[in-house]
Number of protein chains: 2
Amino acid sequence: MKTTGQYGPKADLALSMWVKLARAFSTFNKVTAEQIWTFGLTQPQFGALETLGHLGPMTIGELCRKQLVSGGNMTVVVNNLVDMGLVTRSTSKEDRRAYIVKLTPKGKRLFQKIFVTHAEFVAKAAGVLTEDEQRELGTLLKKLGTTCRSQAKQA
Amino acid sequence: MKTTGQYGPKADLALSMWVKLARAFSTFNKVTAEQIWTFGLTQPQFGALETLGHLGPMTIGELCRKQLVSGGNMTVVVNNLVDMGLVTRSTSKEDRRAYIVKLTPKGKRLFQKIFVTHAEFVAKAAGVLTEDEQRELGTLLKKLGTTCRSQAKQA
DNA sequence: CATGATTGTTTTAAATTTGAACTATTTGAA
DNA sequence: TTCAAATAGTTCAAATTTAAAACAATCATG
């Protein structure tokens, strides 16, 4: 989308940045999704395994929030992972409404096996940017992601 | 997703950047989607209007490529916009397989009316970053988005 | 000028995602 | 204690998206 200098320099700059953000996300997402398919997992399944593998057991709700996914969805994802023998669900002692989701030994082995490969793949894809550029990009994206919502709502 | 220094500095850096990209996109997307709803349009409808408004009439296939959306989807989106009286479809003279999609006067008026508001909104949301930061972010995102795919496929 | 390959579009079926309604449990305030 | 409000999770229906099949038209190559 060319935004041909029609809305003033500030707006044109912001619009152009937003288009590039959407495109970069879309492309990078497709690239990583292709690799995840080769593991026999869907993106949400992989995401759940990744979160559990890195951060340890947690409730379904916590998984939702980490993955930015709705609850109805996570129920299905977790059930499928249980059927695949990759995670267990157990009721929480502290809160009997909640379930704790945890990797099984099989899930842990799979995670350890594929995530190294995935990490290398992401590093290669990101390798178009130097390490300094990746750091800089991360910093800017974090700032944008954490505060654009409240910024937009101001007066 | 904390990636706790387990995959070597290069991979950790890339993973961390990728997480921030996904989160920033998700958040910014939700923020703009909320505003688009207030115009009585869906995101794909708005996207099509925007592209047509800025770049002029084009075929359905061109719209797909600009919007990174599948063809089956764009057929539906365009049909709905026709029903709403915002665009017309006419057969192309040069290629009788193709349809040219074009804003109606009503579509043009709507576009001009809402897009200024939208542009200001995006500028405000992006205002967490300085103009220099937005330029820098745009440059890095463009580089990442245009070359990460081929980079990932190399040996 | 054939004809095989490609392209533009539509249709359909399947997958994914969300949001709302619902149950069960917990929390907090009176 | 008791009851209203909030929270965890599930289920279900609706919306969205894609991918594949199909068809028509065009292009390219010999």
Side-chain angles (χ1 to χ4, degrees), chain A residues 22-23 25-27 29-34 36-49 51-52 57-84 87-102, chain B residues 22-23 25-27 29-34 36-37 40-49 51-52 57-84 87-102:
Chain A
R23 286 181 184 275
F25 170 77
S26 172
T27 307
N29 193 44
K30 273 180 193 138
V31 168
T32 59
E34 279 173 29
I36 288 170
W37 271 110
T38 69
F39 299 141
L41 296 170
T42 67
Q43 269 187 291
Q45 287 170 352
F46 181 82
L49 281 189
T51 302
L52 292 170
M58 65 182 68
T59 67
I60 292 184
E62 286 174 306
L63 264 178
C64 289
R65 287 186 288 276
K66 299 285 180 197
Q67 294 281 314
L68 310 176
V69 153
S70 73
N73 213 343
M74 193 51 82
T75 295
V76 177
V77 171
V78 169
N79 286 344
N80 288 336
L81 290 175
V82 170
D83 291 345
M84 295 162 83
V87 306
T88 57
R89 284 163 55 120
S90 51
T91 53
S92 165
K93 304 265 188 253
E94 298 102 40
D95 186 341
R96 278 187 304 173
R97 292 169 305 181
Y99 291 102
I100 308 274
V101 185
K102 190 182 160 187
Chain B
R23 286 181 183 275
F25 170 78
S26 172
T27 306
N29 193 46
K30 274 181 192 136
V31 168
T32 57
E34 279 173 30
I36 288 170
W37 270 110
L41 296 170
T42 66
Q43 269 186 290
Q45 286 169 354
F46 181 82
L49 282 189
T51 301
L52 292 170
M58 65 183 69
T59 67
I60 293 183
E62 285 174 307
L63 265 178
C64 288
R65 287 185 287 277
K66 299 285 180 200
Q67 294 281 314
L68 309 178
V69 152
S70 72
N73 213 343
M74 193 51 82
T75 295
V76 176
V77 171
V78 168
N79 285 347
N80 288 335
L81 289 174
V82 170
D83 291 345
M84 295 162 83
V87 307
T88 56
R89 285 163 55 120
S90 51
T91 53
S92 166
K93 304 262 188 261
E94 298 103 39
D95 186 340
R96 279 186 302 172
R97 294 167 302 178
Y99 291 102
I100 307 272
V101 186
K102 189 181 162 187

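Heavy atoms only: backbone and side chains are in, while hydrogens, waters and symmetry mates are out. The sequence lines fix the lettering, A, B, ..., with proteins before strands; numbering per chain opens at 1. Just so it is clear, the structure is predicted and the values come from calculations on it, not from any experiment.
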Test applied, side-chain contact (heavy atoms from CB on, under 4.5 Å); reference residue, B/L52; option that passes from B/M58, B/K102, B/E62: B/M58

Candidates D/dG9, C/dT26, D/dT17 - which lies nearest the side chain of A/D95: C/dT26

A/Y99 OH to D/dT11 C1', straight-line distance once rounded to whole Å: 13 Å

Listed partners of B/F46 passing side chain to side chain contact (heavy atoms under 4.5 Å, CB included), at least two apart: B/I36, B/F39, B/L41, B/E50, B/I114, B/F115, B/H118

Spacing between B/N73 atom CG and C/dT9 atom P, to the nearest angstrom: 14 Å

Between C1' of C/dT17 and CD of A/Q43, the distance in whole Å: 13 Å

Side-chain donor/acceptor contact of B/R97 with base of D/dT26 under 3.5 Å: no

Spacing between A/K93 atom NZ and C/dT26 atom P, to the nearest angstrom: 13 Å

Exam field: side chain A/Q67 to backbone A/G47, donor-acceptor pair closer than 3.5 Å: yes

Any side-chain heavy-atom pair of B/T59 and B/Y99 under 4.5 Å: no

Length of the CD-P vector between B/E34 and C/dG19, whole Å: 10 Å

B/T75 side-chain N/O to B/G71 backbone N/O, donor-acceptor pair under 3.5 Å: yes

Closest nucleotide among D/dT26, C/dT17, D/dA8 to the A/R65 side chain: D/dA8

Check: A/A22 main-chain N/O paired with A/S26 side-chain donor or acceptor under 3.5 Å: no

Sugar-phosphate, base or nothing in reach of A/S92, heavy atoms under 4.0 Å: nothing

Listed nucleotide nearest any side-chain atom of B/S70, set D/dT16, C/dT9, D/dT18: D/dT18

Distance, rounded to the nearest Å, where B/I60 contributes CD1 and D/dA24 contributes P: 17 Å

A/M74 CE - C/dG19 C1' separation (whole Å): 16 Å

Angle by which the axis turns from one end of the helix from C/dC1-D/dG30 to C/dA30-D/dT1 to the other, five pairs per end, to 10 degrees: 30°

Selection from D/dT16, D/dG9, C/dT10 that lies nearest to any side-chain heavy atom of B/T42: D/dT16

Over all atoms of both residues, closest heavy-atom pair of A/V87 and A/L49: CG1-CD2, 4.3 Å

Whole-Å distance separating the CD atom of A/Q67 from the P atom of C/dT17: 11 Å

Toward the 5' end of DNA chain D, by each residue's nearest nucleotide, A/A98 or A/N79: A/A98

A/T75 side chain, from C-beta outward: closest of C/dT18, D/dT16, D/dT11: D/dT11

DNA chain D: 5'-proximal contact among B/P44 and A/G61 (nearest heavy atom): A/G61

Touch class at under 4.0 angstrom, heavy-atom based, for A/G72 against every strand present: base

Least distance between heavy atoms, B/M84 atom then B/G40 atom: CE-O, 4.3 Å

Phosphate contact (D/dT26 OP1 or OP2) by B/R96 side-chain N/O below 4.0 Å: yes

